[in-house]
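These notes are about the structure you will find just below.
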Amino acid sequence: MSVIGPSCSLPTETSPGCGCVAKTAPGGGKAAGTAVATAVVAAACTACCVLPFTLPAVVLASAGSLIAALDHAHGLMTKLSIAVVLCAWGWIVWRSRTTGLKTRFAVLATMCAATVLTATAALWPVMEPVVFHALGVAKKPKPPAS
C-alpha cells in the first residue's frame with residue numbers, strides 16, 4: 001500500500017490526469033449579468049420618465065412646508081439674530097481693545113452686512129406694507145358695503 005496515495009495516471013480523452021478535476025462551466029453567470037443589466041435599465045427608465053413628473057411636486061411641497069414653518073419662527077429667529085449680532089459686535093470691540101490690534105476690513109464689512117440684514121428682518125412688519133405698495137402688489141382695500 002502506498003503512503004502517498006494511488007499512483008497518478010496520464011490524462012486521456014475521457015479522464016483528466018492525476019489530481020485534476022474536470023472544469024465545470026458556471027451556469028448562472030449570464031443570467032446574473034442579464035438581471036443586473038435589466039435592473040440598471042429599469043432604474044434609468046424610472047429616472048428619465050418618472051422623476052420629471054414627481055420631482056417638481058415633491059420640491060414644491062417641501063418648500064411650502066419649510067416656508068410655513070419659518071413663518072411661525074420669524075419672531076423668535078429675529079430676536080435670536082439681534083442677540084447674536086449684538087454679541088458679535090461686543091466680542092469684536094472687546095478683542096480689539098484687549099489685543100490692541102486693528103479689526104480687519106472684511107470683518108467690519110461682514111458685520112455691517114449682518115447688522116443691515118438683521119435690522120431689515122426686525123423692521124419688516126413695519127416696512128412690508130410700504131414695500132408691497134411701492135412694488136404694486138399691495139392688496140386693494142375693499143370698499144365699505146353700504
Side-chain angles (χ1 to χ4, degrees), residues 2-6 8 10-11 15-146:
S2 172
V3 178
I4 296 175
C8 192
L10 294 174
S15 80
C18 177
C20 297
V21 179
K23 293 183 179 179
T24 58
K30 289 184 180 179
T34 304
V36 169
T38 303
V40 169
V41 169
C45 287
T46 301
C48 290
C49 299
V50 175
L51 277 181
F53 295 113
T54 59
L55 193 59
V58 170
V59 169
L60 288 174
S62 299
S65 63
L66 181 63
I67 290 171
L70 290 177
D71 183 43
H72 294 294
H74 174 70
L76 178 64
M77 290 297 122
T78 303
K79 292 172 188 167
L80 181 64
S81 176
I82 291 170
V84 167
V85 168
L86 289 175
C87 289
W89 275 117
W91 176 264
I92 289 170
V93 169
W94 179 73
R95 289 292 290 171
S96 66
R97 294 223 178 159
T98 57
T99 61
L101 298 174
K102 194 174 182 182
T103 306
R104 293 182 183 171
F105 176 75
V107 172
L108 292 176
T110 304
M111 284 307 300
C112 287
T115 304
V116 167
L117 290 173
T118 301
T120 303
L123 296 173
W124 184 248
V126 176
M127 294 171 32
E128 182 181 20
V130 176
V131 171
F132 282 175
H133 182 71
L135 292 174
V137 292
K139 292 182 180 178
K140 304 285 181 191
K142 291 183 181 180
S146 22

Atom pairs and distances, side-chain donor-acceptor, residues 73-80, under 3.5 Å, sequence neighbours left out:
unit_1	atom_1	unit_2	atom_2	d
T78	OG1	H74	O	2.7

Next item on the list: Determine the minimum heavy-atom distance between P125 and A122, stating which atoms define it.
Entry: CD-O, 3.6 Å
Notebook entry, point to check: For the residue pair A114 and V85, what are the closest heavy atoms and their distance?
Noted result: O-CG2, 4.1 Å
Margin query: Nearest 0.5 angstrom please: L117 CG to C112 SG, how far?
Written below: 11.0 Å
Notebook entry, point to check: Under 3.5 Å, is there a donor-acceptor pair between the side chain of T98 and the main chain of R95?
Noted result: yes
Item checked: With L108 via side chain to side chain contact (heavy atoms under 4.5 Å, CB included) - residues at least two apart -> W89, T103
Check: Atom CD1 of I92 and atom CE of M111: how far apart are they, to the nearest 0.5 Å?
Finding: 4.5 Å
